[in-house]
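None of these values were measured; they are calculated from a predicted model. Both backbone and side-chain heavy atoms feed into the values below; hydrogens, waters and symmetry mates do not.
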Amino acid sequence: MTVLLDSPSCTRTRDPKELLNAVQPYIGHLTVNILDSGMCLWDREIALLLRDHTMVRDMAERILGNAVMYTIGCMEHPEVHLGVGKLVDIGVHQLILDTPVWWALCDVYNEGRYKHHAPFIERRRDGLCLRTADFLKAIGFAIDEELWAIDGTDCSPCDNKVPDSH
């Protein structure tokens, strides 16, 4: 008699803190600014968010975590149009503004290609933000449902027509 065992289905959940910290060895510019603090990249980006925005650490971590998920989702799946709401976009902009870190993210997760940020002026109101949250869950991220629901259909004005842009 032959017995077939089904392999258990696994949901792949990826930790945004680990994914961000994984790019640290790829920081190639301004390393004295980025690496000499002794902080890991996650703690650095949280410190910068807290420096520039009025929020508590827990909120900064929630925002950054979802921003990392969104950024990596965009880089790994350029064929899918994704967008964020205003709150998560604070974290995305933090990553973009810390250009040595952004470049390392592009190097590791975007096959070395620079990921441009070319927003339109008008925000989108077509539900893209909620569809993005669903997509990120489908590719293994444990999103913060509340952060994505806050903005609901009021989404970032990013352009999927610009090559390699989010």
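- Between Thr71 and Trp102, some side-chain heavy-atom pair lies under the 4.5 Å cut-off.
- Classification of the His93-His117 ring pair by plane angle, with boundaries at 30° and 60°, yields perpendicular.
- Not counting sequence neighbours, the partners of Arg131 by the side-chain contact (heavy atoms from CB on, under 4.5 Å) test are Arg124, Asp126, Leu128.
- With sequence neighbours excluded, no residue forms a salt bridge (charged side-chain N to carboxylate O under 4.0 Å, His left out) with Asp58.
- The side chain to side chain donor-acceptor pair (under 3.5 Å) check on Asp43 picks up Arg57, with sequence neighbours excluded.
- In this structure Phe135 satisfies the ring-ring contact (aromatic ring centres under 6.0 Å, His included) test together with His77, sequence neighbours excluded.
- Residues that satisfy the salt bridge (charged side-chain N to carboxylate O under 4.0 Å, His left out) test with Glu79, not counting sequence neighbours, are absent from this structure.
- Listed by first then second residue, pairs satisfying side-chain hydrogen bond (donor to acceptor under 3.5 Å, both in side chains) with a partner in residues 16-30 number zero, not counting sequence neighbours.
- Cluster annotation: Val23 is not connected to Leu97 through the hydrophobic network of ILVMFWY side chains, with a link wherever side-chain heavy atoms come within less than 4.5 Å.
- Connection of Met39 to Ile27 is not established within any shared hydrophobic cluster, with ILVMFWY side chains joined at heavy-atom distances below 4.5 Å, either directly or through further cluster members.
- Considering all non-hydrogen atoms of both residues, Leu50 and Met55 come closest at CD2-O, 3.2 Å.
- For Asp52, the salt bridge (charged side-chain N to carboxylate O under 4.0 Å, His left out) test picks out no residue, with sequence neighbours left out.
- With rounding to the nearest 0.5 angstrom, the CG atom of Leu49 is 4.5 Å from the CD atom of Gln94.
- Under the side chain to side chain donor-acceptor pair (under 3.5 Å) criterion, Arg62 pairs with Asp144, Glu146, sequence neighbours left out.
- For residues 95-108, every residue pair satisfying the salt bridge (Lys or Arg N to Asp or Glu O under 4.0 Å) rule, not counting sequence neighbours, is listed here: Arg44-Asp98.
- Contact check for Thr132 versus Val80: no side-chain heavy atoms found under the 4.5 Å cut-off.
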